[in-house]
J.: 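There's a structure below that I have some questions on.
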Amino acid sequence: MPIYQIALPLPKRQVFDYLCEQADLVPGVRVVVPFGPREMVGVIVNAVTESEHQTKLKAIKRVLDESPVLDEALLAISHWLAHYYQHPIGEVMQTVMPVALRKGESDKPKPTCVLGLSNSDVDELISQVSRAKKQTELVQMLTAGPVALSEVKQQFSMAVINALLEKGIVEKHEVEVSSDVLSWSVPESLDKPRANVQQALAITAITHRLDRFACFLLEGITGSGKTEVYLQSIEEVLRQQRQVLILVPEIGLTPQTVKRFERRFGLAVGVLHSNLTDNERLNVWQRSRSGELAIVIGTRSSIFTPMLKPGMIIVDEEHDGSYKQQDGLKYNARDLAVILAKHYQVPLVLGTATPSLETLNNALTGKYQHLQLLQRAGNAALAKQQLMDITNQSLESGIATGMLERLQAHLEQGSQVMIFVNRRGFAPALLCHHCGFVEQCKRCNKPYTVHKSLHKIQCHHCGAAKAIPPKCNECGHHEMVTHGVGTEQLEALLKKRFAQYSTVRIDSDSVRGKSKLHTLLDEVNRGQHQILIGTQILSKGHHFPNVTLVVILDADGALFSADFRAAEHLAQLITQLAGRAGRAEKPGEMWLQTHQPGHPLLQDLIHNGYGDFARFALQERKLADLPPFCYQGLFRAEALQASDAFQFLSTVAELLTIENVRIMGPLPAIMEKRQGRYRMQLLLSSPSRAQLNRAIANHIVSIENLPAGRKVRWSIDIDPQDFL
DNA sequence: AGCACGCCGACT
DNA sequence: GTCGGCGTGCTC
């Protein structure tokens, strides 16, 4: 009887062998197997003739698929992920599959519900509806032919639909979707803008040979028309009847973005974002696999969407941190896109105004083709960047007095202003004016953030909140003062100081849902608010044409951070913000408040721009032997007892002492304590990615079985993005 | 990861 | 005398 190796969703770097009478099962097929006292859904990895565990083999309970759910590309990607990230194959396959399929649901499309008219005499039917306006509209919509229920629901409420169903005017049918044909037509005469020279060069470079792997860095300054390059390149791919996968950052996926793609080609676009249900996700997955969808656009995990005829992959805002998954399988979707494009033999376009140093380095060394868009189209403007030295300056809630006057001047001109702070809440600490005691979260050993409007102090690391203490816990004095500045405090100051203008605060406290964010942003652009206060959120995706003054309150933190990428991220933030404000006839200015006006990185950034800064920063990384000039892997461990984490990592360090791999640690993590657990890490770095990988791979099973690992939660992070 | 088995404290 | 705490070990 044939034996199959099955990948099961367990944190174990091994497969489990099972018997099955069926001899024709192939890798990628899901099966249900008995596992100890329970049942699990696993995926066939391989068929073998012998097993080390011959005597204890059990039989597969049920075969779920006739053909593999994981196609050849996804299987290859799963193995690559398991090897590169040294992650258990079962968990990898779990990550790669949509949730519905992990649970064992069928991968065949469910019959869709469609609504149609009960007879063809439209006038007769409309007369039956009588005066109900919405119902008449729906009947009219259906005169063109039956429409899917899910689509009808977007425009009409269930009440309207049910009313017509009860009257027998409309009927519901289940229809098998048969979408085995891949075919769409792109209109010949697309109403498209004319590309400028640089755009045209980029489009030609990308579309020159679409039938092979090539990686492009499309470095386009804000407003240079990156999207138009995407669109015209996509057009060529679509004409070849091939599909396009587009990755966007979490926050960048707005209905407007999707509509732009839909309107241009008049084709169905599959959209994947975090608010979809498992079944909606599965539906897009199926329609992409069958070739029905020409374009799929989505966030990080969309990289796992199968395609019948892949033609191109685009990663927009390639520098964005949301492409790296922070828990479980810590993959980077942008890096994975390179592997996938190579596998498919299709071009990959990485687009951004502020390339990550890793990608820029690949472009500068010729590994990627570097396409640059330096001309700004029509209405775009870049705010003029300037430094404001605040050493010895008087500050009011963190803002320099001179800056307040500048705000006043811009507001009087009828412009909008934007102030950027990197902290939510009122103040990042509460301390006793008498003895200096700082109120700290006991689980994280970090100061509580003060939220005055909620009358609470909250730990921003674990979320725990409590009432603001009326007196010092240490000395009992009643004089508690705040330290530092958050968005809430700035809002209070500016509301008082500029009472005649409307101030709005945009951070994750003030925008609970995504729709709230869009409402507020719309209000800003309609001119309902003049003063805009916010965090990171403001730097992504939205334009503020009437903003003529942008102030960054504190640029210094990032210059002396323990995280070597902090300066890069600050530069990206500043450049992105500068590109979001103002327009050609009304250019903006941007001020960076700093205690370090002479800092070379800041100087370079504001005088020579991001491109120059990035090249300079790359030199620094090279001298310091940091990524992308070395490769890193990070072992993290956390335990209730700091010594347990330390001991585990020490043992790991001993095992991994290998030539050409530098080991640092075990050291406490930057966030040394979080949610009551002590966190330590062990950083490995090597000039050779292969040697680093081999060092870990050779010992991972012994590490996995280390008795010292029982008390700790540990994980490996290959190419770590941050060191929190 | 789950889940069972197993050996020591406060309770109907 | 039992219920239940979570340490240890195993799952093909």
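These values consider heavy atoms only, across backbone and side chains, with no hydrogens, waters or symmetry-generated copies. All values derive from a computational prediction rather than experimental measurement. Chain letters run A, B, ... following the sequence lines, proteins first, then strands; residues in each count from 1.
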J.: Has A:Lys58 got a side-chain N or O lying under 4.0 Å from the OP1 or OP2 atom of C:dC12?
T.: yes
J.: Provide, to the nearest angstrom, the distance between the CD atom belonging to A:Gln641 and the P atom belonging to C:dG7.
T.: 12 Å
J.: Return the value, rounded to whole Å, for the distance between atom CG of A:Leu640 and atom P of C:dC6.
T.: 12 Å
J.: Would a distance-only check, ignoring hydrogens and angles, find a side-chain to backbone donor-acceptor pair under 3.5 Å from A:Glu439 to A:Tyr448?
T.: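 Side chain of A:Glu439 to backbone of A:Tyr448, a donor-acceptor pair under 3.5 Å: no, none is there.
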J.: What parts of residues 24-38 of chain A reach DNA chain B, counting only heavy atoms under 4.0 Å away?
T.: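 Close to the strand are A:Pro37, A:Arg38.
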J.: Output the rounded distance in Å from CD (A:Glu704) to P (C:dC10).
T.: 15 Å
J.: Atom NE2 of A:His53 to atom P of C:dT11: distance rounded to whole Å?
T.: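 Rounded to the whole Å, the gap is 9 Å.
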J.: Would A:Glu672 and A:Arg679 pass as an ion pair if we require N to O under 4.0 Å?
T.: no
J.: Could you tell me the separation between the CZ atom of A:Phe635 and the CD atom of A:Gln681, rounded to the nearest 0.5 Å?
T.: 12.5 Å
J.: Taking CD from A:Glu39 and C1' from B:dG2, how many angstroms apart are they, rounded to a whole number?
T.: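 Value for this atom pair: 15 Å.
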J.: Check whether A:Ser288 reaches the backbone of A:Val284 with its side chain - one donor and one acceptor, N or O, closer than 3.5 Å.
T.: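 Pair absent, no side-chain N/O of A:Ser288 close to backbone of A:Val284.
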J.: Rounding to an integer number of Å, can you tell me how far A:Ile60 CD1 sits from C:dC12 C1'?
T.: 11 Å
J.: Taking A:Met680's backbone N and O only, do any of them form a donor-acceptor pair with A:Glu638's side chain (distance below 3.5 Å, no angle check)?
T.: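 No, A:Glu638 side chain to A:Met680 backbone: no donor-acceptor pair under 3.5 Å.
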J.: Atom CG of A:Asn705 and atom P of C:dG9: how far apart are they, to the nearest Å?
T.: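 Rounding to the nearest Å, CG of A:Asn705 and P of C:dG9 are 11 Å apart.
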J.: Should A:Lys12 be listed as having a side-chain N or O under 4.0 Å from OP1 or OP2 of B:dA1?
T.: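 Looking at the OP1 and OP2 atoms of B:dA1, neither is under 4.0 Å from any side-chain N or O of A:Lys12.
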J.: Any side-chain to backbone donor/acceptor pair from A:Asn693 onto A:His83? Under 3.5 Å, distance only.
T.: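 Checked: pair present.
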J.: How would you label the contact of A:Leu57 with the nucleic acid (heavy atoms, under 4.0 Å): base, sugar-phosphate, or nothing?
T.: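 The residue A:Leu57 makes sugar-phosphate contact but no base contact.
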J.: On the 0 to 90° scale, with breaks at 30° and 60°, tag the A:Trp80-A:Tyr85 ring pair as parallel, tilted or perpendicular.
T.: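 Plane angle over 60°, so perpendicular.
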J.: Which nucleotide in the list B:dA1, C:dC12, C:dT8 gets nearest to the side chain of A:Leu10?
T.: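 So the side chain of A:Leu10 is nearest to B:dA1.
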J.: In terms of side-chain heavy atoms of A:Lys56, which of B:dA1, C:dT11, C:dC10 is nearest?
T.: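 Of B:dA1, C:dT11, C:dC10, C:dT11 is nearest to the side chain of A:Lys56.
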J.: If I take atom CE in residue A:Met40 and atom C1' in nucleotide C:dC10, what distance separates them, rounded to the nearest angstrom?
T.: 12 Å
